[in-house]
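Lettering of chains follows the sequences in order, A, B, ..., and the numbering in each one begins at 1.
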Amino acid sequence: MSEPNPPAPAANFIRNIIDEHISSSKWGGRVETRFPPEPNGYLHYGHAKSIFLNFGLARDYNGVCHLRFDDTNPEKEEQEYVDSIIASVKWLGFDWGRHLYYASDYFDTMYACAEYLIQSGNAYVDSLSAEEMRAYRGSLNEPGQDSPYRNRSAAENLDLFRRMKAGEFPDGAHVLRARIDMASPNINLRDPAIYRIKHASHHNTGDAWCIYPMYTYAHPIEDAIKHITHSICTLEFEDQRPFYDWLLDKLADGGFFTRPLPQQIEFARLNLTYVVLSKRKLIQLVEERHVDGWDDPRLPTLMGARRRGFTPAGFKRFTDQIGVSKADSWIDMSVLEACMRDDLNEHALRRIAVLDPVKLIIDNYPENQSEDCFAPNHPQNPDLGKRAIPFSRELWIEREDFAETPPKGYFRLYPGNKVRLRYGYVVECSGCDKDENGNITAVRCTYLPDTKSGTPGADSVKVKGNIHWISVRHAYAAEVRLYDRLFAVPHPGQARDFLEDINPASKTVIRAQLEPALQNAEPEARFQFERHGYFVADLKDSRPGAPVFNRTVTLKDSWIKEK
RNA sequence: AGGGGAGUCGCCAAGUGGUAAGGCAUCGGAUUUUGAUUCCGACAUUCGCAGGUUCGAUCCCUGCCUCCCCUGCCA
């Protein structure tokens, strides 16, 4: 079987820039990118956009993409986050080969660069307090003032900086700043801090350092050291680009790097409705136990997505579909859900599950008889074969597939109506049994013996309705979690505290009746429960013989909308 | 208000001087033993607004409007 040629990647402004670089041979046609997370949290859907962008560009231009941890702030970073980030990027299907790096691998080089900047008059040690520095910085409308320490001699700066490194000063006593322009209209150029004192131990370098570079200083240097060509980041760093260029230019003059230097390019981050992607809010949801941990299937983390049953291929569809641009935009959650459905529809095996069971009794079917019916594992792919499903006198069907008085357009079970028991017989509904409170306890019908699916007479009776069922005697009951969107409104927190917008029905745990074939599902096996949606055997709580399923997403339902 | 960005169909998004791609959604219709899938068809005389340049402007110029980001020793 030959795969059709994949469609050419959609044009976007970053590809246009790269194409120009290729034709001008700016880096000799080389494309080298990096995905640079800070290991201070779990990756979320928004990171998927960046991952597919950076790794995708590298793949399409025969380049490489590094996985690089920007671990410049030891107070916030942990090995646990490093591990989970690695697992998530791998899960999405990317391989960085030997290109796994850490900012902390280059602390020596960064330090040497800093000494050079001091010696060349481009950096100085400031001894203002944080509050004083803020006051000297000016405001959006007013220029800043030079710090009284701005004109220390290179020798004095160097001495102070070395003593900072040696641990002679407490946190906050001094800070190394780039000497640029305190009157710049771009506040990021008003002598930004590049090194601060932090007596904290680092997940990677331990206690080797008590001064740590700022991200804005470390990031360009890391890019330049590894010869990154296109340093792709989000829009909020646009104002930082002049500093990125200033720094690398100075260091290239100092012989640390050769030109052409890496080029920073900014794109719009992902905004998605019905979730929150801010790290702060995600942490709050977890810590205040509004969800069950970082991998809760409702959470927009990649670990949550995995347990939810979302697929890497679905994320690929999604990122291809939403494109890349510089316009702030909001993607509706339904787009992501549709992408997951598209992928799952192609690959998930079909199975039967009755989620809200009510008994259907076939009055003219012999009490102790049973027989096999055969259902295809995938209607569009016969190669996937069929399986046997036992049929008998008493079946579980969905409560909503019967109506005593049917609404307009309803074509399922109601007195006098015929429907097909999918893969089995056509039955005619005769009524229902009720308890003393009027609750329906069983639905009654008779079957038409000549209409069994797969037999010559199967189509002798045409019916519009087609419902799924499971033999009571053969059914297997298991826990199923019905997940829905975490928030009930498109923009949580817009009108009130975001916690108040949590969807109270985001998780419903039920015991469902499953067909026998589902009992031995392996963790992470994905299925379509026919007429319901896509479900996955939970990665953590499910095991063969004792399955637990999570609903990934429902099937599209055009009947609900009509009602 | 200073600086940096963005405004093209309901949602994304190409196009950047030659007369508006594509996807999703939506609406028709066909197929269908999932009210699913699939398949066909429809879907911007118009590109934030107002002027100007031009034979011709979404694209160039001028002015205006709206939205986003920036005053961490966070990233």
Is_stacked (A:Tyr215, B:rA75) at 5.5 Å, 30 deg:
no
For a quick test of reading the model: is some side-chain N or O of [X] closer than 4.0 Å to OP1 or OP2 of [N]?
{"X": "A:Lys556", "N": "B:rU37", "result": "yes"}
{"X": "A:Ser329", "N": "B:rC11", "result": "no"}
{"X": "A:Ser558", "N": "B:rG35", "result": "no"}
{"X": "A:Arg196", "N": "B:rA75", "result": "yes"}
{"X": "A:Thr72", "N": "B:rA75", "result": "yes"}
{"X": "A:Arg134", "N": "B:rG72", "result": "yes"}
{"X": "A:Lys462", "N": "B:rU32", "result": "no"}

Out of B:rA14, B:rC68, B:rU37, minimum distance to the side chain of A:Asp328 belongs to B:rC68
Any idea which of B:rG72, B:rC24, B:rA75 is nearest the A:Arg137 side chain?
B:rG72
For [N] versus [M], give the span between their [atom1] atoms, rounded off to a whole number of Å.
{"N": "B:rC12", "M": "B:rU26", "atom1": "C1'", "result": "15 Å"}
{"N": "B:rC64", "M": "B:rC69", "atom1": "P", "result": "23 Å"}
{"N": "B:rG4", "M": "B:rC61", "atom1": "C1'", "result": "22 Å"}
{"N": "B:rU46", "M": "B:rG18", "atom1": "C1'", "result": "16 Å"}

If we count only N and O atoms by modelled type, under 3.5 Å, do the side chains of A:His468 and A:Glu398 hold a donor and an acceptor together?
yes
With no hydrogens and no angle check, do the side chains of A:Tyr534 and A:Gln528 hold a donor and an acceptor under 3.5 Å apart?
yes
